[in-house]
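In what follows, every heavy atom counts, from backbone to side chain, and hydrogens, waters and symmetry copies are set aside. Each chain gets a letter, A, B and so on, in the order its sequence line appears, and its residues count up from 1.
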Amino acid sequence: FPPLAVFQVENVKLLDRYANRKAANGTLYLTATHLIYVDASAEVRKETWILHHHICSVEKLPLSTAGYPLLIHCKNFHVAHFVLGQERECHDVFTSLLKLSQPVKPEDLYAFSYNPKMSKENREIGWKIIDLKLDYQRMGIPNDYWEITDLNKDYEVCSTYPPEIVVPRAATKAVVMGSSKFRSRGRIPVLSYFSKENNAALCRCSQPLAGFSARCPEDERMLQAIREANPGSPFMYVVDTRPKLNAMANRAAGKGYENEDNYENIRFKFIGIENIHVMRNSLQKLLEVCEMKSPSMSDFLTGLENSGWLRHIKAVMDAGLFLAKAVREEKASVLVHCSDGWDRTAQVCSLAGLLLDPFYRTFKGFMVLIEKEWIAMGHKFSHRCGHLDGDPKEVSPVFTQFVECVWQLMQQFPCSFEFNERFLLEIHDHVYSCQFGNFLGTCHKEREDLKIFEKTHSLWPFLLERKQELRNPLYKGFTAYKELQPNTLPFSFQFWCGMYNRFDKGMHPKQCVLDHLLSCRSQRVKLEEDASELENKLPFLDGPLPSELPSFPKAGHAASKALDTPEDYGGGAPPVLSNGTPLGAGGAAVDQEHQENLCPHSQDLGDSMELLECAGKDGNAQHQ
Amino acid sequence: MEFAELIKTPRADNVVLHRPFHAAVEGTLCLTGHHLIFSSRRDDNAEELWLLHSNIDSSEKRFVGSLGTIVIKCKDLRIIQLDIPGMEECLNIASSIEALSTLDSVTLLYPFFYRPMFDILEDGWSSFLPDQEFELLSSMTDEWRLSCINRDFSVCPSYPPVVIVPKSINDDELRKVATFRHGSRFPVLSYYHKKNGMVMMRSSQPLTGTNWRRCKEDEKLVNATLRAGKRGYIIDTRSLNVAQQARAKGGGFEQEAHYPQWRRIHKSIERFNILQESLIKLVEACNDQSHNMDRWLSKLEASNWLTHVKEILTTACLAAQCIDREGASVLVHGTEGTDSTLQVTSLAQIILDPRCRTIQGFEALVVREWLQAGHPFQQRCAQSAYSNSKQKWEAPVFLLFLDCVWQILRQFPCSFEFNQQFLIMLFEHAYASQFGTFLGNNENERAKLKLPQKTMSLWSWVNRTEELKKFQNPLFEANNLVIWPSVAPQSLQLWEGVFLRWNRPSKYLDEAQEEMVNIINYNKELQAKVNVLRRSLAELEAGTRMHQHM
């Protein structure tokens, strides 16, 4: 059969891993993009959809009494255990899935065929929703010390950086070019975050090619320029996020780390986050723990400890917190790197941004953060997520760890994020789904070569359209919390059941507070409409008043005094759109209008232009 | 005895108080017969700390020069430190604290001296009487009766005066059964499942001994709870091994041959010092902030606390399953029937019976299944996690029960009328309180101490509107279903509200809680407003129509 043809297998069982329920019996379909299982034994039609791109392994298990088992592991931690009746069928499904889940050519990725029936203009607008220049503007850049330069427009400085980068004004072209020769893969120090209040900057780069003794005057001048761009501080931090031993080993290969004697007034520090291979193995161990059949508490906790996973999460969080504190409390600029500066460096810079700036905790801000620190700066999503058939040693859950750190922060600061856990899971899903162009390829240049911006859709407008279900009902608004100072003592970190056992619904709380509060929110909108409609109707009625009425206005007045300011109960004033409407109220009303159209893979986004505009406005308001 | 004899230095100035997450404050320390009172003298923000001596689990003193320091570790797990200038003062205060926190006579405790500052609307001592429970039962079935056989506590010293037993068993037979059960705790009704008429009974172990002694009356009683042709389950909270060993000491378990209609299931819930050590280890792990992640996880694991939680919940689910899913009656017992047995029967009721998930219902459950059922609170709660005396009788049995309730509450956040503060409050009062509710080890002792006459009931205080407000769960929506919690390790968490309470600030979590309450209350107010508007509109329209008709 041709690999793209839909084919189906009847009488397939789907085992439930935890509940000792009777296995489901149904039909397995393979389409060009999905594996779909339809449970025929259930009273209500139940479908399980698995995107081929989400499949990370397919295993044929030994024949059991029930038939020929096929075990599928997904990158979003879905595990599906099918049992097929015939060996032949099992083999066919197995080989097709192997092929379908590991495309060889980028053009075969889902994003290039995904068609949400959106007009060309809307697709293009979708790509423009996130504008990094606006974010630099928001930080006050360009300013006296920093400029946005297009020195990299032909990728001469660095092939994995975007065309436009932010460097100190004092760094001349010669300094930039010279420094790029001294940094691994030309990844020179560039600005990641600028703190308007105290001029401290967070910068990122790759390791210097220092070896045991090499020096580079331009690189030294580059660091000097960064330090001097923050005149309030006599020193700057240079943070190597690797364990010291790893960094030292790199010196033998002509790489390494900055010698404090060669750079003026730097304070050098190792942070000790492990490399991608350690992280990959750690996740593997964690997943084995999650998949254990009825483990004891002791098995689970020992397994959790031995996986080292939470230790790594804590290390990343500690590093992010260190950077944020240096910028906020010590008012010092920081230059961060690891080896290539695209994994650990991306994790800690984005985390520091999130801790420092409430904007990054909004929907738009979080998208900007991911576009800026991960996508633009060349985190190799394609390799790390294994989008294409490639070197399995390049795969590593670096982004997953970042997402988890955000979730851990949400546990400690439940009112400080505009979005909820589902938003994180949604993004995590799409990093692997290849349904949208954002995460394809490894860097900006490659995405240009792939014509991502012409041929595929951006994920962000689709998520913005689903704000209603992805929002955090407890969010207290932009101004409620400034910087976050998470507790990083070990007991502050929890195992994230919602991620690693996400598809084992039986393990989750059976009643969801989030759903309850979200429904409160939509109920509130409805009630507010009812109330104002009724209030409008009342004065228009004429005729004699019923005798009881005189008592009413009093009650009504008392009630409305308490109720007419819907945004007041949270304390701090909410951000206001330029036309004066409170953000929450306006946004909610728009979302309400479009509620009927909301579905996970909306077919008619074309009709929702107002929404995009509104979302844009919404974001702008927060920028200002 | 006069308390004054124990207080040589009743007052010290310039004392510095250190508490977690608060700046150190200077102030005056006063000792009274029942309280340690600290009051800061800053006018802007006068702070007072009132600590019951009975809340003090352990205290240590040390000196640097003449500056003495007393570290006080409380039963609610809090640790405070007092810096007291003057060696003599410090020594005096330390020895007073030591003496006053370890008074050996119950009648010297604060509840016997406490005079409430609030109006008593309803006397909590008579809020939950067995007669009321029986009335409720009688409306559902007539197969049970109230027996007053234990009126003067002569049949079973740890049982309440009245118990519910099968109608077909008379008091003479009960007396015989009592001789066949450990501590005379003969099987009594714990719960009647309205949905299918199945019941849960509890007792202590049968005294079968090594030669398989049997008791016809016991068999009759146990079988009286079965429907014709139905089987029942005996859940023994001990492993088979432990139960076997108990026979050598005269205890034992129901042998199949003599109880052919019953299937016995052994579970293994730990007791006494094993639980106490588990608590000590857990709290030690939580308090040590120098741990790295691996060490923390390994200490958490080694404490076994969550293992106990999982084991107890699993057994409770099993009991509930037998009743609701299998449609079978259940008898639960361990050895004495005063600890793990009560954990299981009370948790099973929370799973099965929506009434137990309300505030009133939960209070009734605590009274019925813990206080009246003879859980020896005074022994079990004499010391908490900081005790160094390794007495045999202390064990956080009730705290584990509350932890299990919290786990279910976390999984069913909308099914409980109360919040975790309610559970924490019960934990605190079980260990140290101004109320008499948790004093004594059973109803017999409580009667002898004349607690209802001489002390105030916790329920008299809690059940007032002002107090109840703090304990209400805004998400509550009455839910008549059986709620099955998950006992997978991934679903169980450390109860941070108790164990991390003093180890990290809770500001942001409190704010979230407050925000949630606001959101829900706002909707309620809005709904009320819409209703009022709607009514007046209808009235107006009716009025207009009448006018037109005239």
Please check: side-chain N/O of Ser491(B) versus main-chain N/O of Met507(A), any donor-acceptor pairing under 3.5 Å? yes

For Leu509(B) versus Pro414(A), what's the shortest heavy-atom pair and its separation? CD2-CG, 3.8 Å

Measure distances from Asn292(B) to the heavy atoms of chain A and classify the residue's part below 4.5 Å as side chain, backbone, both or neither. backbone

Close side-chain approach of Pro490(A) to Leu297(B), heavy-atom, < 4.5 Å: no

CD1/Ile519(B) to SG/Cys520(A) distance, rounded to the nearest 0.5 angstrom? 7.0 Å

Sort out for me which of Leu494(B), Val530(B), Asp294(B) touches chain A most, counting heavy-atom pairs under 4.5 Å. Asp294(B)

Determine the sole option in Pro295(A), Cys290(A), Ser294(A) for which the side chain to side chain contact (heavy atoms under 4.5 Å, CB included) test with Pro489(B) is passed. Pro295(A)

With rounding to the nearest 0.5 Å, note down the distance linking CZ in Arg534(B) to CG in Asp530(A). 5.0 Å

Looking at Glu305(A) and Lys299(B), is there a salt bridge between them, counting it only when a charged N and a carboxylate O are closer than 4.0 Å? no

Just verifying a value: how many Å separate Gln289(B) CD and Leu489(A) CG, rounded to the nearest 0.5 Å? 4.5 Å

Could you look at Ser296(A) and say if it's the side chain, the backbone, both or neither that has a heavy atom under 4.5 Å from chain B? backbone

What part of Glu311(B) is in contact with chain A, defined as an atom under 4.5 angstrom from a non-hydrogen atom: side chain, backbone, both or neither? neither

Tell me, do Lys529(B) and Glu535(A) make a side-chain contact under 4.5 Å, heavy atoms counted? yes

Cut-off 4.5 Å, heavy atoms of chain A, and the answer for Ser290(B) is neither

Report yes if some heavy atom in the side chain of Gln490(B) is under 4.5 Å from a heavy atom in the side chain of Trp496(A); otherwise report no. no

Compare every heavy atom of Arg524(A) with every heavy atom of Leu526(B), then report the nearest pair and how far apart it is. CD2-O, 3.7 Å

Compare every heavy atom of Leu534(A) with every heavy atom of Leu537(B), then report the nearest pair and how far apart it is. CD2-CD2, 3.6 Å

Could you state the interatomic distance from CD1 (Ile520(B)) to CD (Gln523(A)), rounded to the nearest 0.5 Å? 10.0 Å

Between Ala315(A), Pro509(A), Gly506(A), which residue shows the highest count of heavy-atom pairs closer than 4.5 Å to chain B? Pro509(A)

Engaged part of Gln494(A) at the chain B interface, taking heavy atoms whose separation is under 4.5 Å: side chain

Take the angle between the ring planes of Phe491(A) and Trp296(B) and call it parallel below 30°, perpendicular above 60°, tilted in between. perpendicular

When rounded to the nearest 0.5 angstrom, what is the spacing between NZ in Lys310(B) and CZ in Phe300(A)? 11.0 Å

Side chain proximity check, Gln511(A) to Glu477(B), heavy atoms < 4.5 angstrom: no

Is it the backbone or the side chain of Cys497(A) that comes under 4.5 Å from a heavy atom of chain B, or both, or neither? side chain

Quick check on Tyr500(A) against chain B: is it the side chain, the backbone, both or neither that has a heavy atom closer than 4.5 Å? neither

Pick one of side chain, backbone, both or neither for Leu306(B), based on which atoms fall under 4.5 Å of a heavy atom in chain A. both

Would you sort out whether Tyr508(B) and Gln411(A) count as a side chain to side chain donor-acceptor pair (under 3.5 Å), showing the intermediate values? CA-CA 9 Å; Tyr508(B) 298 104; Gln411(A) 304 312 297; over 6 Å; no

Looking at side-chain heavy atoms only, is the closest gap between Cys414(B) and His516(A) below 4.5 Å? yes

So do the side chains of Lys510(A) and Ile483(B) get within less than 4.5 Å of each other, counting heavy atoms only? no

Would you mind telling me which of Gln527(B), Met516(B), Glu511(B), Arg410(B) has the largest number of heavy-atom pairs within less than 4.5 Å of chain A? Glu511(B)

How far does NZ of Lys526(A) sit from CG of Asn523(B), to the nearest 0.5 angstrom? 12.0 Å

Select one option (side chain, backbone, both, neither) describing which atoms of Arg535(B) are under 4.5 Å from chain A's heavy atoms. neither

Do you know which of Ala528(B), Cys286(B), Ser298(B) has the most heavy-atom pairs with chain A at a distance under 4.5 angstrom? Ser298(B)

